[in-house]
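Take a look at the structure below.
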Amino acid sequence: MVRGIRFWGRYTLETLAGGLIVALALLVLSGVGAGAGSLPLILAGLPYYMAMGSALSILMVCYSTHLLYIPLVLSMGSTRREAFAGFLLFRVGAVVLPLLLSLVLWLLLPGQAAQVGLSQLPAVALPLLFAATLGSLMGLAYRRLKMLGIVLIMLLAAAVGAGTSLVFLGEVTADTFSALFSAVDAALVPSLAVWAVLAAADLLTLHFSLRRREVRL
Amino acid sequence: MKLTCQDIVKTYGGKNALDGVSLTLESGKIYGLIGRNGAGKTTLLSILTAQNPATAGSVTLDGAPVWENRQALDQLCFSRELNINAESGLASMKVKDYLRLASVYYPHWDRALEERLVALFDLPVKKKLQKLSKGMLSMVTIVVAMASKAPFTFLDEPVAGLDVVAREQFYQLLLEEYGQSGRTFLISTHIIEEAAGVLEEVIILHDGKVLTVADTQELVDSARYVTGLAEEVDAATAGLEVHHAARTGRSKSAAVFLKPGQDLAPGHDVTVQPMNLQKIFVALCSGEGE
């Protein structure tokens with residue numbers, strides 16, 4: 001139990017760090033795009049950037065968990081139950097920690113933008129939840145159907161590239177995120193329902209996949 | 001402690017990679033697992049350590065199933081041959097991270113031994129696994145196997161890629177660790193004659209089946225290589241277990257295995273030579289000759 005927490009806890013923190021780095025990069029890019037006069041607005045967008053950066057980081061780590069971390073821990077004597085629980089623990093931590101950071105940031109920041117952000121916290125959680133589930137499903141897809149996994153990764157890379165370009169050009173600001181998450185907020189319940197179905201499919205697939213998985217490094 | 005596998009079958013695509021393998025590994029011995037490529041050695045090791053589910057059969061440690069049994073798995077270490085390629089998830093992992101992970105997961109991990117072995121092998125711990133030579137990768141697996149201090153430790157081709165000096169170092173290390181700890185080691189290897197000196201018991205796997213499990217010295221002592229005229233060889237070896245008989249013109253050669261109390265029939269004009277473990281293995285597994 002302790003060794004699982006040590007291992008998966010470490011990767012949770014590394015994933016959070018990855019998300020923060022992406023968030024800071026987006027912050028700098030949006031600053032370049034928007035100009036110094038919009039500084040308070042840019043800062044108010046930091047939690048959104050953190051959520052998006054964390055979502056990207058979570059998605060990539062969940063994807064690579066199937067290729068690396070799961071076979072690795074199984075090869076070193078972990079049971080499949082422990083690997084399943086550890087991966088779940090990682091995903092809960094990877095979702096909750098950035099949300100907590102966002103909450104703290106918005107509580108500390110003054111102004112209307114922060115208040116709006118606080119009210120959108122459930123909506124901000126959504127990309128993190130989807131990232132944790134979709135990343136795992138993509139990893140499972142890659143193991144079973146390699147070409148499908150590659151295509152999904154390429155589409156993701158294209159989306160990330162497009163999004164980053166928009167941030168750099170100043171087309172995407174904190175206002176954009178606020179509007180985006182307002183739209184998500186309006187569709188929160190159906191979105192959560194979709195996520196729940198995907199999450200159930202992911203957990204079931206992971207359980208059955210792990211049960212008979214042969215470790216290959 | 002005893003690790004027992006009973007009637008293990010492993011099927012891939014309708015073909016049995018392992019076909020009814022039953023073994024008991026006892027505490028405090030060094031076993032050798034030898035077999036041709038594709039005999040099922042790695043498959044057997046991965047099943048013994050619950051890294052591969054058997055199609056049928058069971059693996060138990062002192063009667064308790066090993067599969068999904070944390071207490072049993074804590075007593076086992078399977079240090080497998082690392083094959084790092086660009087697609088391998090391990091490729092970008094650094095040596096120090098791999099060893100750190102091992103130290104977290106093996107409950108008996110010996111940090112001091114790990115450090116000593118890293119220094120002995122001069123392992124570049126900050127390098128990525130994909131940057132290591134085959135020999136260095138073997139050294140990493142040896143460090144994990146030794147430092148794990150697991151009561152049952154399995155090494156799959158630990159000397160692959162090692163030069164002769166490094167191989168000697170490994171055998172010395174193995175004997176030293178075995179002498180100090182009394183752990184059970186099971187080593188699969190293709191470099192049979194070198195390893196023969198350290199192996200107490202040998203398990204020969206052929207086409208997914210256990211051909212023989214024997215005390216190494218007793219097996220070697222029981223084997224004879226008989227050559228001479230065909231009729232003389234046939235007469236001398238009548239009623240005995242003969243393998244790898246080969247005829248060249250009027251001459252014949254054969255490997256003979258004597259059971260306790262048996263001997264070659266006297267009074268025949270044949271040349272009898274002892275056989276080393278490697279020659280015994282070839283005689284049993286080559287499938288050539290008569």
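Sequence lines set the chain letters: A, B, ... in the order given, protein chains first and strands last, and positions in each chain run from 1. The figures that follow rest on heavy atoms only: side chains count, while hydrogens, waters and symmetry mates do not.
For the set M76(A), R212(A), R81(A), the entry with the most heavy-atom pairs within less than 4.5 Å of chain B is M76(A). Per-residue heavy-atom pair counts under 4.5 Å with chain B were compared for R3(A), H66(A), R216(A), and the maximum is reached by R3(A).
Both the backbone and the side chain of A102(B) come within contact range of chain A, judged by heavy atoms closer than 4.5 Å. Only the side chain of R6(A) comes within contact range of chain B, with at least one heavy atom under 4.5 Å from a heavy atom of that chain. Interface residue N69(B): only backbone heavy atoms are found under 4.5 Å from chain A. Proximity to chain B (any heavy atom under 4.5 Å) is restricted, for R213(A), to the backbone atoms N, CA, C and O. Using a 4.5 Å cut-off between heavy atoms, L76(B) makes no contact with chain A at all. Contact of S75(A) with chain B is made through backbone and side chain together, with heavy-atom distances under 4.5 Å.
Not a single donor-acceptor pair under 3.5 Å links the side chain of R70(B) to the backbone N or O of S78(A).
Residues R10(A) and R100(B) have side chains in contact (heavy-atom distance under 4.5 Å, counting atoms from C-beta outward). When side chains are defined from C-beta on, Y98(B) counts as touching L72(A), because their heavy atoms get closer than 4.5 Å.
Remark: Y69(A) OH to M93(B) CE distance equals 7.0 Å, nearest 0.5 Å. Distance check: E214(A) CD to I47(B) CD1 gives 8.0 Å after rounding to the nearest 0.5 Å.
For K128(B), the NZ atom sits in a loose shell: 12 or fewer heavy atoms of surrounding residues, nucleotides or ligands are nearer than 6.0 Å.
Interface residues of residues 105-127 of chain B toward chain A, defined by a heavy-atom distance below 4.5 Å and sorted by number: Y105(B), Y106(B), P107(B).
Closest heavy-atom contact between N52(B) and R80(A): N-NH2, 4.4 Å.
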